[in-house]
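Quick note: numbers below take in every heavy atom, side chains included, and nothing from hydrogens, waters or symmetry partners. Indexing begins at 1, ligand by ligand and atom by atom, following the structure's order. Computed from a predicted structure; not experimentally measured.
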Amino acid sequence: MEVFILYLGLVLIGVCFGSFAGASVWRLRARQLASDKKHHETYDKREYARLKKLTTASFASDRSQCLQCGYGLKWYDLIPIVSWLSLRGKCRSCRRAIGRFEPLIELGVALFFVLSYMFWPYPLDTALEITRLVIWLIAGVGLAILFAYDAKWFLLPDKINFAVIGLGAVNAGIVIVQSSDKLATVASIVGAVAILSGLYLALYLISKGAWIGFGDIKLGLGLALLLADWRLAFVALFAANLIGCLLVLPAMAVGRLKRDSHVPFGPLLIVGFVVAQLAGVYLVDTYLFSVI
Ligand SMILES: [Zn+2]
């Protein structure tokens, strides 16, 4: 019974954080467009006209209106998942589709919360150990924002990247404090940074920014600090590339993807990272590095 309540709690909190993540994505996008406009860069004028009101609205009133017709949403229109299902994904006033984005990110974060608790590979006995899980969950909300933003607009906003790096730094600090061999732990964390961030930095320098953006390097740094283990960083990179190949090759084969299509690295790296943390420790211990 307690376990059921715990998981129900995780789902409800996850859905609420997912709702926050979804709102943040639009708010960040509106700010980005406003900044592009101010600096006379090319930007999508129609999209800006639609999202403009989000640049001035405070957070409390962020999702208070339909982005299409301006209908003022009531509290019962704002219940995560439930409202979307009862309205069948349409605005109550103009009946235009409001998209699947909101319910998907809400369910995505809820699933992340449940899986993270279910497969958490470390003990949860001390305050510091519990803090690590809490940091991981909060970082996951930031990563949901980065995932959605990069998938939609091929960009990783600095504000969220830096927040994830900050959480990662605190996590790495806890790992070092808990470790009995501090020098080896620091070396392992440096190795993780080299694998996830250094490799992207090398690619960035070699291609002069053509293959990947600088955002991927910052994302890699945050993820490396959250894993805090070079072996897990290796698993994350491997999983990201494997998933990338499994998705990209069939899409290329059926002609949905051109050879020069832009593939966002961020979402792949984030999925690989979650797999590495929640399954990687078992893989590392049982198979890959049992000799080390
Ligand atoms: Zn509407």
Please confirm whether Trp136 and Phe112 have ring centers closer than 6.0 angstrom.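 Yes: the rings meet the under 6.0 Å criterion.
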
No-hydrogen, no-angle side-chain donor-acceptor test under 3.5 Å, Asp77 and Tyr71: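 Yes - a donor-acceptor pair under 3.5 Å links their side chains.
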
Distance only, no hydrogens: is a donor on one side chain within 3.5 Å (strictly under) of an acceptor on the other, for Glu129 and Trp120?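 Trp120 and Glu129 do not have a side-chain donor-acceptor pair below 3.5 Å.
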
To the nearest 0.5 Å, atom CZ of Phe265 lies from atom CG of Leu203 at 7.0 Å

Distance, nearest 0.5 Å, that separates OH of Tyr200 from CG of Leu219: 8.0 Å

With sequence neighbours left out, write down each residue that passes side-chain hydrogen bond (donor to acceptor under 3.5 Å, both in side chains) with Arg50, or none if nothing qualifies. none

For the Zn ion (ligand 1), which protein N/O/S atoms fall under 2.8 Å? Skip waters.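 Under 2.8 Å from the Zn ion (ligand 1) - ignoring waters, which are not counted - the protein N, O or S atoms are Cys66 SG, Cys69 SG, Cys91 SG, Cys94 SG.
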
